[in-house]
Number of protein chains: 2
Amino acid sequence: MNHTIIEDFLLHGHKVNLPGISIDNVIFGFHENQLKVLLLQVVDKNIWMLPGGFVMKKEHIDEAAARILKVRTGLDEVFLQQFYTFGQPERSGNEVLVKALKSLDQRYDKNHWALQRFVTVGYYALVEYAHVSPQPDEISQACTWHDLDKLPELLLDHEAIIQKALEEMRLKLNFQPIGYNLLSEEFTMKNLQSLYETILGRKLDRANFNRKMLSYEILDRKEKHFSGGAHKAPYLYKFNKKKYFKALKSGLGRDF
Amino acid sequence: MNHTIIEDFLLHGHKVNLPGISIDNVIFGFHENQLKVLLLQVVDKNIWMLPGGFVMKKEHIDEAAARILKVRTGLDEVFLQQFYTFGQPERSGNEVLVKALKSLDQRYDKNHWALQRFVTVGYYALVEYAHVSPQPDEISQACTWHDLDKLPELLLDHEAIIQKALEEMRLKLNFQPIGYNLLSEEFTMKNLQSLYETILGRKLDRANFNRKMLSYEILDRKEKHFSGGAHKAPYLYKFNKKKYFKALKSGLGRDF
DNA sequence: TACTATTGTGTCATATTGACACAATAATTT
DNA sequence: AAATTATTGTGTCAATATGACACAATAGTA
């Protein structure tokens with residue numbers, strides 16, 4: 001007799017998954033000065049959740065985060081960064097799993113491994129949401145972008161997880177470069193500024209932003225201007241990969 | 001028949017502990033311009049380890065970190081901060097547990113819950129090591145301070161964990177105040193500077209440091225100078241608790 | 001050609017930082 | 001008592017960074 005994916009998971013998942021440890025990915029998307037977050041919809045309910053899942057027994061949690069993201073949303077090659085681990089004792093199996101378990105076995109076992117308490121390691125990433133096409137996996141109803149200002153009802157503590165990720169991402173702007181893998185290979189300073197403004201949620205002065213980004217010395221300026229726009233053609237830039245990753249590791253300078 | 005504490009843990013620990021999730025605490029101690037780390041010695045071996053342990057089923061991981069620290073070292077009321085979660089798949093039961101398990105049961109079961117893969121949530125704290133008296137628990141041989149420059153042989157990936165904690169602590173100096181719970185209630189600017197210099201591992205200019213700390217506006221200066229020293233009496237300061245904790249939460253300013 | 005909007009860059013005042021110096025203080029030595 | 005030594009408080013100056021804003025150049029449109 002065939003089981004659904006969730007039922008199969010409940011019956012056999014403990015053979016390959018690490019009980020008690022899960023990943024929750026907060027994927028921010030920006031586009032046209034808007035910051036959104038990618039959420040999955042619970043089947044037949046208006047409850048949403050972060051793309052998460054359990055860690056497999058033989059994988060690094062970093063690898064788990066990437067695999068889970070791909071399986072649940074189709075997103076691949078995303079720069080994920082760990083930001084916090086959430087471990088309040090009430091975190092345990094959710095109503096999705098409870099419902100599935102009850103339908104699987106009339107003798108509902110609340111001690112089922114999948115309903116036990118678990119700790120979740122949070123990862124975040126930022127993507128250009130116009131560049132990606134998230135698709136929900138087979139156990140979710142939808143996978144769509146949501147305004148941070150208008151979040152739907154969320155499972156468990158997922159709203160708190162999102163807020164913590166946003167805080168971390170904003171803080172890191174002070175000592176880590178961003179933009180690589182987000183912008184086109186060649187982009188304008190306006191594009192880069194828009195990215196920062198979207199994350200920070202406020203306007204920055206064009207001249208001062210320009211001066212600051214150039215002071216990091218991780219941008220190579222193209223000889224040729226971008227053209228075809230309806231006004232003065234701006235310079236095109238690209239990240240100097242070597243310097244970018246050095247700064248990613250060692251910081252942007254001016255700290256203790 | 002009586003069992004040792006470790007044997008008891010192996011036999012019954014899974015009833016109260018969350019399998020697969022542990023805590024490792026990195027406790028830095030500073031005193032007289034030296035930074036050390038608190039380590040436990042494995043019984044009868046010259047191998048050392050961080051004060052860690054498993055999370056109990058009904059406790060928050062933050063509470064677990066504090067409890068584990070108290071049990072393993074006697075240290076209490078320490079300001080612990082989570083800094084990173086380590087989850088490479090090779091992390092599993094260590095030789096201490098293996099040895100205990102073999103002595104307990106001649107039919108050695110390598111699938112014992114305590115030997116399975118686990119993820120560790122790292123916490124760090126900084127204390128004045130002259131102010132505390134760590135004591136090893138009953139399953140450790142010793143509990144002593146070690147120079148960061150001269151670490152002994154360490155279990156598992158504990159050296160990497162220590163390095164990561166140090167990085168994080170140094171980075172946080174840029175946007176979080178420190179010193180509360182570390183210095184005497186009243187201290188001199190020299191004391192505070194010494195704390196920063198010990199963490200950073202380099203000298204800071206006295207005048208510039210003074211100006212910077214005062215610019216944070218979290219210090220209250222006493223009318224009376226400290227006296228009895230062999231030269232000009234310095235001012236005494238104390239942290240303005242309200243402003244200190246506000247800065248701890250919101251940052252020290254001057255960021256994006 | 002004139003207008004409009006965008007971009008590049010410069011300027012100015014202010015703030016911060018690094019390096020260093022001088023004065024005041026207080027104990028010790030002569 | 002005076003001189004010396006060491007420490008602390010604070011100031012200064014140059015360099016650097018930052019915020020606010022202005023002007024010139026560019027390019028499409030009216």
Side-chain angles (χ1 to χ4, degrees), chain A residues 32-33 170-171 173-177 179 183-184 186-197 200-238 247 251-256, chain B residues 32-33 170-171 173-177 179 183-184 186-197 200-238 247 251-256:
Chain A
E32 291 178 357
N33 294 344
R170 282 176 170 163
L171 186 63
L173 289 181
N174 293 289
F175 49 83
Q176 267 192 351
L183 302 173
S184 305
E186 292 179 351
F187 51 88
T188 65
M189 191 60 75
K190 177 63 174 286
N191 296 144
L192 186 57
Q193 177 171 345
S194 180
L195 173 59
Y196 273 77
E197 288 181 335
L200 291 166
R202 62 179 169 81
K203 281 289 187 187
L204 301 171
D205 182 86
R206 185 168 47 74
N208 298 335
F209 180 81
N210 199 336
R211 186 174 59 198
K212 183 162 190 163
M213 290 300 119
L214 293 180
S215 81
Y216 293 157
E217 296 189 327
I218 58 173
L219 295 171
D220 291 331
R221 178 186 286 185
K222 303 291 289 184
E223 295 296 304
K224 194 174 51 156
H225 287 239
F226 171 76
S227 59
H231 296 293
K232 183 178 177 178
Y235 283 117
L236 283 173
Y237 294 89
K238 58 189 297 182
L252 295 164
R254 299 208 65 82
D255 36 5
F256 256 118
Chain B
E32 290 177 0
N33 295 344
R170 283 176 170 163
L171 186 64
L173 290 180
N174 294 289
F175 48 83
Q176 269 191 351
L183 302 173
S184 306
E186 292 178 354
F187 51 88
T188 65
M189 191 60 77
K190 178 63 177 283
N191 297 144
L192 186 56
Q193 177 172 345
S194 181
L195 173 59
Y196 274 77
E197 287 181 339
L200 290 166
R202 61 179 170 80
K203 282 290 189 187
L204 299 171
D205 182 87
R206 186 167 50 72
N208 298 335
F209 181 80
N210 197 335
R211 185 174 58 197
K212 185 164 191 164
M213 291 300 117
L214 294 179
S215 81
Y216 293 157
E217 297 188 326
I218 58 173
L219 295 170
D220 291 328
R221 179 185 284 185
K222 303 291 288 186
E223 296 296 303
K224 192 173 53 156
H225 286 237
F226 171 75
S227 60
H231 295 294
K232 183 179 176 179
Y235 283 117
L236 283 172
Y237 294 89
K238 57 191 297 183
L252 294 165
R254 299 213 63 82
D255 36 7
F256 258 118

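Sequence lines set the chain letters: A, B, ... in the order given, protein chains first and strands last, and positions in each chain run from 1.
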Under the 6.0 Å and 45° cation-pi test, does A/Arg221 pair with A/Tyr235? yes
Which atoms of nucleotides 11-14 of chain D (N or O only) lie under 3.5 Å from a protein N or O atom, and what are those distances?
none

Using the 3.5 Å cut-off, write out each protein N or O paired with an N or O of nucleotides 3-7 of chain C and the distance between them.
residue	atom	partner	partner atom	Å
C/dA5	O4'	A/His231	NE2	3.4
C/dA5	N3	A/His231	ND1	3.2

Atom CZ of A/Phe209 to atom P of C/dT9: distance rounded to whole Å? 15 Å
B/Lys212 NZ to D/dA17 C1', in whole Å, measures 13 Å
A/Leu214 CG - D/dA17 P separation (whole Å): 13 Å
With a 4.5 Å heavy-atom cut-off, do A/Phe175 and B/Asp255 have their side chains touching? no
Contacts of type side chain to side chain contact (heavy atoms under 4.5 Å, CB included), residue A/Gln176, not counting sequence neighbours: A/Gln81, A/Lys172, A/Leu248
Calculate the interatomic distance between B/Leu204 atom CG and C/dT17 atom C1'; express it in whole Å. 12 Å
It should be established whether A/Arg254 places a side-chain nitrogen or oxygen under 4.0 Å from OP1 or OP2 of nucleotide C/dT17. no
A/Lys203 NZ to D/dA20 C1', in whole Å, measures 16 Å
Under the side-chain hydrogen bond (donor to acceptor under 3.5 Å, both in side chains) test, residues paired with A/Arg211 that sit two or more places apart: A/Asn208
Please report, rounded to the nearest Å, how far the P atom of C/dT16 is from the CG atom of B/Asn174. 16 Å
For B/Leu173, the side chain to side chain contact (heavy atoms under 4.5 Å, CB included) test, sequence neighbours excluded, returns A/Phe256, B/Ile178, B/Tyr196, B/Ile199, B/Leu200
I'd like to check the side chain to side chain contact (heavy atoms under 4.5 Å, CB included) partners of A/Leu252; sequence neighbours left out, ordered by chain and number. A/Pro177, A/Tyr216, A/Ala247
Residues passing the side chain to side chain contact (heavy atoms under 4.5 Å, CB included) test with B/Glu217, sequence neighbours excluded, are none
Residues forming a side-chain hydrogen bond (donor to acceptor under 3.5 Å, both in side chains) with B/Lys232, sequence neighbours excluded: none
By the salt bridge (charged side-chain N to carboxylate O under 4.0 Å, His left out) test, which pairs, at least two apart or in different chains, include something from residues 201-210 of chain A? A/Glu197-A/Lys203
Taking atom P of D/dT18 as reference, at what distance in whole Å does atom CE of A/Met213 sit? 10 Å
Using whole Å, report how far CG of B/Leu252 lies from P of C/dT16. 13 Å
